[in-house]
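Reading through the structure tokens given below for one structure.
The chains referred to below are lettered A, B, ... by the order of the sequence lines, with proteins before strands, and numbering in each begins at 1.
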There are 4 protein chains.
Amino acid sequence: MQNLSDNALSILLQQYLETEKNLTEKQKNILKAAVAVFSEKGFAGASTSEIAQKAGVAEGTIFRHYKTKKALLFSIVSPTIVGLGAPIVLKDFESILEKQYVDFADFLRTIIKDRFEFIKNNQAILKIIANEISFHLELQQMVKEILTTRIMTKIQLAIEYFQEQGEIVLLPYETIARLIFSTIAGYAVTRFLISPNQDWNDEQEIETMIEFLVKGLKT
Amino acid sequence: MQNLSDNALSILLQQYLETEKNLTEKQKNILKAAVAVFSEKGFAGASTSEIAQKAGVAEGTIFRHYKTKKALLFSIVSPTIVGLGAPIVLKDFESILEKQYVDFADFLRTIIKDRFEFIKNNQAILKIIANEISFHLELQQMVKEILTTRIMTKIQLAIEYFQEQGEIVLLPYETIARLIFSTIAGYAVTRFLISPNQDWNDEQEIETMIEFLVKGLKT
Amino acid sequence: MQNLSDNALSILLQQYLETEKNLTEKQKNILKAAVAVFSEKGFAGASTSEIAQKAGVAEGTIFRHYKTKKALLFSIVSPTIVGLGAPIVLKDFESILEKQYVDFADFLRTIIKDRFEFIKNNQAILKIIANEISFHLELQQMVKEILTTRIMTKIQLAIEYFQEQGEIVLLPYETIARLIFSTIAGYAVTRFLISPNQDWNDEQEIETMIEFLVKGLKT
Amino acid sequence: MQNLSDNALSILLQQYLETEKNLTEKQKNILKAAVAVFSEKGFAGASTSEIAQKAGVAEGTIFRHYKTKKALLFSIVSPTIVGLGAPIVLKDFESILEKQYVDFADFLRTIIKDRFEFIKNNQAILKIIANEISFHLELQQMVKEILTTRIMTKIQLAIEYFQEQGEIVLLPYETIARLIFSTIAGYAVTRFLISPNQDWNDEQEIETMIEFLVKGLKT
DNA sequence: GATGAATGAGTCTTCATTCAT
DNA sequence: CATGAATGAAGACTCATTCAT
């Protein structure tokens, strides 16, 4: 078992857990408005006064809850960053892998569906993260920490397992992970950013990706 | 043969060709400084005064050459957007495909190496484009036009050719193109943004990607 | 009876009535400073920073109350433009004319004294209006509306009345009005702009003008 | 005979005489453009770059001929200010008055027609002078000097002559002059600024003004 | 003589943040 | 706890003027 308070993530996680409760109606409005404006105009292009207006609160009210504009950004972005790694924390891979008859395709289907759902439900905030990550060192560190401690370690176990089973090619696990993530991310970008209005059959596209990855990574 | 002046791109292309010459030393400094600052802080987060200072010119000088800050952005970004599609215009696919003994792996090797080189040489500007494309409709339109008229039409021909040859799977060409681009982009992002300081063996990574794609798209 | 809210002027009038109250000390200072600076340097020659300094507020404070420099100009100028026509609205001519024994000289005395008082109390703002009216179409329209709907229609009644009485010459009423206004304006300009420091006996000058006008317009 | 070089006006007069000749085509274009822009936007609201553009010359060229923007203003405005008093200098009143049978109406007809013609031919520049005179002390001084030394002294003679003849009322000559000028100016403003597009019968309007003034100033 | 690139002070305006109410 | 007036630093952009060519 992972100790959840053994690193800086515990702070984020706390925030994450507080998110749903403890929030007044005004605070929720502020967060909702901020997500909308940040995602539409970018952090630097957004003005706190526009957020206040959209949230229906006074300009000063924002600063009563969030010390600075940047703190507001992080309040929005942190839970989603934690969420990036959360499901993999919760549904422990190890237990998954212990189940019999789990092949690589099933494994891919599980993560792709799960992560696709996550992206679908967090489009706006993920867009904010993607847009701002270049400009905020702290963001980079948060994401990096989640990625390495929460995701990559688990992924590594799974990949090595399937390599041992002879199901997938013996490339470095980072490379394999990158190829998998690129495929998912490429779909997400096309699906939600480039052509959101096109008719999409997500089920089928996911199966196509699984087949592509299974074949591409076969030994 | 494509007529290069048959659509709105000709304007961009003209700009592109003028770029290298006709520029005073000061103008070059402004562009260089602007690329640096835009890429480091984002368009909205960059200040014209910082650009001026970095370029060693007076702030007014910037506005003598570029009517607005936004015009400066587009002067930087336009040639690279044109460049996105340029090589595929020049080295005509059709002629490539007429050569005998061209298989899908060779085809992939050609575009991946070419585009990888392009990305390597235009990292900063491509980063700016990626960061700003959400916020500037004109940018979206420019990129879309290049992508559809210059790239996708050519790619389609190639993909259909290899499908006829029975080399690759009979998926819609957009799907195949997306899987290829995702793989390249995923590498570029990891290579240049996430871990630029790591030791990379580009040759080998490219071969890995080619093998992955060839296997993944096999019939 | 005139309905005061029967046209676009009602908005101006509202502004006018709000003017005196509802203003913080700082706003009053801003207006006072702006009147001084606009009147001394002209609108285009005035800088908001000078106004702010003279008003003892931060420059940003001006823009919290007035969206733009031009809006500040109009806030100053609108009530006075309304005031141009106001007294004639209030003291209804018709009722004046119904009184017996009102001759043309009395009529002139009434308007000249009233308007002279108005000019005396609004010198700075009237100077601003005179200086800026060429450059702002909206100003021209506002003044034109007040002049035609509030003043000329009333004046016309009076002039026609005195013409019927055989007291004044049968020229078009616009001509007669112009000759009257020119005489008043000519005095005001000399009195307040050209030689403000000279010793003036306003009572006597007004009687001179009345005699001049009565004789000049006699049948 | 007046000695033309006995005061500061000689400088202006020299400028005035140089005006017609000694001017390159470019200089004439600059002056023409400057008159247009100053009159349309006011001195402070006009930009030298717009003037240069309208004149078809480089920005620097203006400053080769006129040290500063203000010097350009004065180059435009000075000859017309001199012209304000010029005709009265040339056609000497004294000689006019010596002719027999000259009555006050004829006198008025002469100056009104002359000055009306002058105003008609110098509308744009006179508008500039009127708009700028509040903001430039030197302008005020120039106009004042012309008015007092060139005009008022002559007018005084004429007025006193007609007073001696018993033709006009025994008011101070300044008052009489003011009433005359107000009447002319009031017409000019209405005629050229307020309703320039209306159909005007100048001959008739002038006769109306003469009759008005003759009657108004009768003993 | 004419040009136009370069300047840097100055313009109006916006913005994140504070604080008295 | 929320407000919104006030701030002043900083923003993009303009302008009159200079000067090397």
Using purine N1 to pyrimidine N3 plus N6-O4 or O6-N4 for Watson-Crick, or N1-O2 and O6-N3 for G-U wobble, both under 3.5 Å, which nucleotide pairs with F:dC13?
-> E:dG10
By nearest-nucleotide position on DNA chain E, the 5'-leaning member of D:G60 and C:E59 is D:G60
Which residue, C:G56 or B:K67, contacts DNA chain F at a nucleotide closer to its 5' end, judged by nearest heavy atom?
-> C:G56
Roughly how far, to the nearest 0.5 Å, is the OH atom of C:Y66 from the CD1 atom of C:I51?
-> 10.5 Å
Looking for any heavy atom pair under 4.0 Å, which part of the strands does B:A46 touch: base, sugar-phosphate only, or nothing?
-> sugar-phosphate
For the side chain of A:F63, starting at C-beta, report the closest nucleotide among E:dA6, E:dT18, E:dT11.
-> E:dT18
Let me know, please, whether B:A58 or C:K69 comes out on the 5' side of the other along DNA chain E by nearest nucleotide.
-> B:A58
Are any non-hydrogen side-chain atoms of C:L139 and C:E132 less than 4.5 angstrom apart?
-> yes
Selection from F:dC13, F:dA6, E:dT13 that lies nearest to any side-chain heavy atom of C:T61 = F:dA6
For atom CG of B:N29 and atom C1' of E:dA5, their distance in whole Å | 15 Å
Length of the OH-P vector between A:Y66 and F:dC1, whole Å | 14 Å
Separation of F:dA6 atom P from C:E25 atom CD, nearest Å, is 11 Å
Which one, F:dG11, F:dT17, E:dA6, comes nearest to the side chain of B:K26?
-> E:dA6
Report the C-alpha distance between A:F38 and A:K127 in whole Å, list the side-chain angles of each, state the deciding distance to 0.1 Å, and finish with yes or no for side-chain contact (heavy atoms from CB on, under 4.5 Å).
-> CA-CA 9 Å; A:F38 283 159; A:K127 193 181 156 201; over 6 Å; no
Nearest to side-chain heavy atoms of C:V57, which nucleotide of E:dA2, F:dT3, F:dT7 = F:dT7
State which of E:dT11, E:dA2, F:dA16 makes the closest approach to the side chain of D:R64.
-> E:dA2
Nucleotide forming a Watson-Crick or wobble pair with F:dA20, both distances under 3.5 Å = E:dT3
Measure the distance from NZ on C:K41 to C1' on E:dG10 and round it to the nearest whole Å.
-> 13 Å
Where the side chain of A:T48 is defined as all heavy atoms beyond and including C-beta, which of E:dT3, F:dT7, E:dA16 is the nearest nucleotide?
-> E:dA16
Quick one: OG1 on B:T68 to CD1 on B:I62, what's the gap to the nearest 0.5 Å?
-> 11.5 Å
C:H65 NE2 to F:dT7 C1': how many Å, rounded?
-> 11 Å
note: D:Q53, atom CD; E:dT3, atom C1'; distance rounded to Å ~ 15 Å
D:F38 CZ to F:dC15 P, straight-line distance once rounded to whole Å | 13 Å
Got B:T24 and B:N29 here, is their nearest side-chain heavy-atom distance under 4.5 Å?
-> no
May I have the distance from B:I62 (atom CD1) to E:dA5 (atom C1'), rounded to whole angstrom?
-> 14 Å
